[in-house]
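Worksheet for the structure shown next.
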Number of protein chains: 2
Amino acid sequence: MTTAAPAKPARRTPLPRNAARNSAEARIVRSIGEAIADRRLPPGTKLTEESLAEAFGVSRERVRKVLLLLAQRRVVTLIPNRGAFVAKPTPKEAREVFEARRVIERAIMDRLERLPRPLPDDMLEKLRDHGALEDAAERAADRKAMIRLSGQFHLLLAEFAGNATLAGILTDLIDRSSLAIAAFERRSSHTCSADDHRRLIAALIGNRPGEATTLMIEHLDEVERQLDLETKTDTRIDLKAIFADEPEPA
Amino acid sequence: MTTAAPAKPARRTPLPRNAARNSAEARIVRSIGEAIADRRLPPGTKLTEESLAEAFGVSRERVRKVLLLLAQRRVVTLIPNRGAFVAKPTPKEAREVFEARRVIERAIMDRLERLPRPLPDDMLEKLRDHGALEDAAERAADRKAMIRLSGQFHLLLAEFAGNATLAGILTDLIDRSSLAIAAFERRSSHTCSADDHRRLIAALIGNRPGEATTLMIEHLDEVERQLDLETKTDTRIDLKAIFADEPEPA
DNA sequence: GCCTCCAGAATTGTGCACAATCGGCTCGGT
DNA sequence: ACCGAGCCGATTGTGCACAATTCTGGAGGC
């Protein structure tokens, strides 16, 4: 019935319209988000509206909107009349974020393990492709790419689990854990163990019951364990402490 | 040009400043959120900026900001150049939200059951107080109060679990499940079974291992099961269907 | 010497005016 | 009478100007 209209000329405009405008803001959000994740914008950095507006070539109100969005995702902190800062999570918040990730990603792995085998071809293909990308980034020692790919890997699994809502929640949590890593990473850490991901992929394909889930939990535990959530480096007094033992150069 | 103002008498105000301003926005968000949850604003309702601005006695840009926040929480849908609408979840999204709630609330119940016994007095007190409130609302057949209290109950448990991040995520999910209920509730449904909550409280205090968790999952299953997620009432064509059998009045 | 207080500058917050866009309505053609 | 085109009212989107607040540097008093 409704399928008629074979020869209907394109009455409406092809409407590439608002998509462009809208994605411009989304693009800025992603751009800033990635910059925060890979530490080009370390926690605590002041994000001046004017500077960002200039950097992205947009008006200040656009930036303002973007910052509001990022603040909602707890990636930046908005202090009234003071401005926007890259969020600096507390150790407590960092622990909470990782715990939340364990809760959600365990659920995701459960669902993935219950998928009928063998896994669909496109899924296998995407897993292998992603593995190759991570390998390449590791060989190239491309730290930024590894961070980005690591997040994408977890997100990819969430997609496969088929629950977009959980995936959306996880997106935020991944951003926030990147932030936590940036804030609390120890000096000598190898972090993003692409090896963990490799094993996870293998376990997922192999389908030994529970193994992939266990690996995921251990993986998240390991990442969290590599953080230094004990020594209290909070507030801004640490700056004074750092330079306290330096003699006056005069 | 502008300010004459060479004389500056009481230059400073007693500063009831941003705290009031800031919470004003939060208040509007809560207000609209509650209105959506208890169905004063059914899914699909157009939220005109001007009307809301007038209703809350604030400027349009304030409303605009609030709508952006609510859109981020998926409680309203923002259509470019068309405006804001109370979100109308799809059956798929409704299922996803409930699945996400099961994932998170199971984790919360796990943690609550692992709490050392007996539970702290303030926790017991709050549980009992809340139970009394729900009983009262049920006796008074105060539907709106029951909906609000039901959400608060789940949030209360999340608080007790001590993970503010998970609690925050759950806050959004509860709002969204309220929406799902508003969108898909069957005509003859008793819904918010305060009885479930009563049993949950008892199980939690009694601490028979796993019982509270099981009750919670069954509770969420039951709420979801009361929804009609099968019959496809999507799109706007249902309006035509509704009036299809009505004869022309002239 | 140190603390307090106070301009000046820089930055954020907000109202307003206008531009852009959409849906509905009317009108003219077939 | 139906269909499409085009205008109009209403609503949303955006830039701008100005108000409010905070921060900085420095002068003055204790």
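Proteins get letters first, then strands, A, B, ... in listed order; numbering begins at 1 in each.
The interatomic distance linking B/Lys65 (NZ) with D/dT14 (P) rounds to 17 Å, in whole Å. As a whole-Å value, the separation of B/Leu78 CG from D/dT11 C1' is 13 Å. When the P atom of D/dA17 is taken as reference, atom CD of A/Glu61 falls 11 Å away, rounded to whole Å.
In terms of heavy atoms, A/Arg39 sits closest to A/Ala182 at CG-CB, 3.7 Å.
Side-chain atoms of B/His154 and B/Glu105 include a donor-acceptor pair closer than 3.5 Å.
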Please tabulate, one pair per line, each protein N/O and nucleotide N/O from nucleotides 10-12 of chain C that are separated by under 3.5 Å, including the distance.
| residue | atom | partner | partner atom | Å |
| --- | --- | --- | --- | --- |
| C/dT12 | OP2 | A/Glu49 | N | 3.4 |

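Salt-bridge annotation for A/Arg74 and A/Asp175: absent, with no side-chain N of the basic residue lying under 4.0 Å from a carboxylate O of the acidic one. We find that A/Arg102 and A/Glu224 are joined by a salt bridge, their nearest charged nitrogen and carboxylate oxygen being less than 4.0 Å apart.
Contacts of B/Arg225 classified as salt bridge (charged side-chain N to carboxylate O under 4.0 Å, His left out), with partners at least two apart in sequence or in another chain: B/Glu222. In this structure B/Arg40 satisfies the salt bridge (charged side-chain N to carboxylate O under 4.0 Å, His left out) test together with B/Asp38, sequence neighbours excluded.
Here B/Ser59 reaches the OP1 or OP2 of C/dG15: one of its side-chain N or O atoms lies under 4.0 Å away.
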